[in-house]
Chemist: 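Before anything else, here's the structure in question.
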Amino acid sequence: MTVITRFAPSPTGFLHIGGARTALFSFVYAKRHGGKFLLRIEDTDRERSTQEAVDAIFEGMKWLGLNSDFDEIYQTKRFDRYAEVVQQMLAAGTAYHCYASKEELDQMRAEQQARKEKPRYDGRWRPEAGKVLPTPPEGVKPVVRFKNPVDGQVVLKDLIKGDIVFDNKELDDLIIARGDGVPTYNFCVVVDDYDMGITHVIRGDDHVNNTPRQINILQALGATLPAYAHVSMILGADGAKLSKRHGALGVMEYRAMGFMPDALLNYLIRLGWSHGDQELFTREEMFAKFDFDHVSASPARFDMEKAYWVNHQYLKSIDPAIVAPEFDWHLRRIGADPAKGPDLKAVIEQQRERCRTLVEMAEKSKFLFEDLEAYNEKDAAKHFTADAAVLLEELAANLSALPEWTAPALHEAVNGFAEGKGLGLGKIAQPIRVAVVGMAISPPIDQTLFLLGRERTLARLAAAVATIKSKN
RNA sequence: GCUCCUAUCGUCUAGAGGCCUAGGACGGGGCCCUCUCAAGGCCUAAACCCGGGUUCGAAUCCCGGUAGGAGCGCCA
């Protein structure tokens, strides 16, 4: 049996972090078992679904590299099929028409709640042997309800939570088709999962309570049940539920914060899943090792600090060529022109040790790609002394005479210069930094000068000397 | 209210009855290294929600509390 999993978001907003994790679990599980993964857009709520949201979901999934093995599927394009199944069920007697109005239903629920009962449909239009149904009112388009079994139990064998038992008497007859004929969520999911041969339904655990009804519908259809895995949700750092109003961010915002997609995936997969003490996983390792036996059933908080740490580990260990395109994106984003500086891979190599995010990397590297606008005030005040000006001037002369502009040659020149003066390297390296970077933070000074290049280094040293002199 | 789920350091987690004096990681504190920022190395503080049971033995199994959460739509 080929494993087929799916991610089925409703397009009412961007792809958020919790959705991304469920998508990841589904994707990775399929890959792990040599199966397929599909993306299905659940857009039957035409009021709330938007094309922007659809685009945002695709964009997020694409950036994360969670690609579908099929063309995208929209539920709104499958209405004929749903209608067909509704007819089948009506004919088979596993579904029936209900003429109760919304007002009637609201009143029923209100009364039940007043009596401290669980609000549910009372079955007034449910056909039963020997029962006389009311006469359908004029001009009312009935909804279609599923005829849920009255007794017995439904056992949900959840891969994460274990067996969960529901009594059928807790379940009511849910609506599967609205008065206007548009089918509802619980029904579409079932038909889709059935038609598409989904073997493993992996979704948020807010769906646990829907599952017994879905299982009953599946059984009424004579389908074999898929396996279920209900993933707990992700909480904010404060332990509160993530919502649009409270800290929920779209996946693309993590890109803007400077995350590499695989790093975000790595952080996400460890949120809930574990493999012994291992923290870092390449994509391939995730595919090879992921399993539901080690997925936690309890909700987890999103810890930005740890996410940054994971991102940093990625930046430090992966091939700079993989980082380069994202780095390029970030440089442009802050107005720097990647073409106006050294090879990005070389910059990444030097900067990645000190940058947890690509935002930081871009900020700390922009001096290589644009003209220096100003010196950091504190750093200049500390390192731009009269003595420094003399040293910088002399060093600049030495550097301009250098036969080749390489890191080893620069290392030799700067260290030799400091030694010759009987100074610690810091005495000269720091003023140089401020002069060429604009601040006292950069890669090792030889690497910094090498990346900057001869022409710009000498120009910036001269400019710094002039600045210092004009001040004194 | 009813049904369902969950519960180990601040956070993510390891843990499948003895291997637990509860391990790892992030973050915190300290020391070392050092041209800056980092990185790295070493050390350190920090947890089994509570109460009963089962057992020779329980973080692990059972029951009951408590606390958090989800669901109870002609939303998904």
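Every chain is numbered from 1, with letters handed out A, B, ... down the list of sequences.
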Chemist: Between A:R433 and A:S442, is there a side-chain donor-acceptor contact under 3.5 Å, judged purely by atom types and distance?
Modeler: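 Yes - a donor-acceptor pair under 3.5 Å links their side chains.
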
Chemist: At under 4.0 Å between heavy atoms, what does A:R120 touch on the DNA or RNA strands: base, sugar-phosphate, or nothing?
Modeler: nothing

Chemist: Please tell me which of A:V295 and A:T44 maps to the more 5' nucleotide of RNA chain B, matching each residue to the nucleotide holding its nearest heavy atom.
Modeler: A:V295

Chemist: Students often get this wrong, so: under 4.0 angstrom with heavy atoms, is A:A114 touching a base, only sugar-phosphate, or nothing?
Modeler: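 A:A114: no heavy atom of the nucleic acid under 4.0 Å.
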
Chemist: Indicate, with a heavy-atom threshold strictly under 4.0 Å, whether A:K427 touches base, sugar-phosphate, or nothing.
Modeler: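 Nothing, no heavy atom under 4.0 Å.
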
Chemist: In this structure, how many angstroms lie between the P atom of B:rU34 and the CZ atom of A:R354, rounded?
Modeler: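 Value for this atom pair: 17 Å.
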
Chemist: Pick base, sugar-phosphate or nothing for A:H207, based on heavy-atom distances below 4.0 Å to the nucleic acid.
Modeler: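 Here A:H207 touches the bases of the nucleic acid.
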
Chemist: Looking at every strand, decide which applies to A:L271 at a 4.0 Å heavy-atom threshold: base, sugar-phosphate, or nothing.
Modeler: sugar-phosphate

Chemist: Main chain of A:R354, side chain of A:K364: is a donor-acceptor contact present, judged purely on distance under 3.5 Å?
Modeler: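 Answer holds: yes.
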
Chemist: What's the closest nucleotide to the A:N209 side chain, out of B:rA70, B:rA38, B:rC26?
Modeler: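 Closest nucleotide among those given: B:rA70.
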
Chemist: Would you say A:N311's side chain and A:L264's backbone share a donor-acceptor pair under 3.5 angstrom?
Modeler: no

Chemist: Output one line per pair: protein atom, nucleotide atom from nucleotides 19-25 of chain B, and distance, for all N/O pairs under 3.5 Å.
Modeler:
residue	atom	partner	partner atom	Å
B:rG23	N2	A:D277	OD1	3.1
B:rG24	N2	A:R270	NH2	3.4
B:rG24	N2	A:E279	OE2	3.0
B:rA25	O4'	A:E279	OE2	3.2
B:rA25	N3	A:K306	NZ	3.4

Chemist: Find every protein N or O atom lying less than 3.5 Å from an N or O atom of nucleotides 5-9 of chain B, and list the pairs.
Modeler:
residue	atom	partner	partner atom	Å
B:rC5	O2'	A:K161	NZ	2.7

Chemist: If you only use heavy atoms from C-beta on, which nucleotide in B:rG71, B:rC74, B:rU3 is closest to the side chain of A:T184?
Modeler: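 Of all the options, the side chain of A:T184 is nearest to B:rC74.
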
Chemist: With a 4.0 Å cut-off on heavy atoms, is A:E353 in touch with a base, just the backbone sugar-phosphate, or nothing at all?
Modeler: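 Base, at least one base heavy atom under 4.0 Å.
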
Chemist: With the side chain of A:Q313 defined as its heavy atoms from C-beta on, choose the nearest nucleotide among B:rG40, B:rC35, B:rU3.
Modeler: B:rG40

Chemist: Tell me whether the OP1 or OP2 atom of B:rG73 has a side-chain N or O from A:R109 closer than 4.0 Å.
Modeler: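 Answer is yes, contact under 4.0 Å.
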
Chemist: OP1, OP2 of B:rG15 versus side-chain N and O of A:H294: anything below 4.0 Å?
Modeler: yes

Chemist: Using a cut-off of 4.0 Å on non-hydrogen atoms, how would the nucleic acid contact of A:N210 be classed: base, sugar-phosphate, or nothing?
Modeler: base

Chemist: Does the pair A:D173 and A:N148 meet the rule for a side chain to side chain contact (heavy atoms under 4.5 Å, CB included), with working shown?
Modeler: CA-CA 5 Å; A:D173 292 350; A:N148 197 78; 3.4 Å; yes

Chemist: Please confirm whether the backbone N or O of A:L315 pairs with a side-chain atom of A:R352, one donor and one acceptor, at under 3.5 Å?
Modeler: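 Answer holds: yes.
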
Chemist: Quick one: label A:G272 by what it contacts on the DNA or RNA (base, sugar-phosphate, nothing), any heavy atom closer than 4.0 Å.
Modeler: sugar-phosphate

Chemist: Check every strand shown and say whether A:E42 touches a base, only sugar-phosphate, or nothing at a heavy-atom separation below 4.0 Å.
Modeler: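 Counting heavy atoms under 4.0 Å across all strands, the contact made by A:E42 is with sugar-phosphate only.
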
Chemist: On RNA chain B, check which nucleotide each of A:R145 and A:K118 is closest to and give me the residue with the more 5' one.
Modeler: A:K118

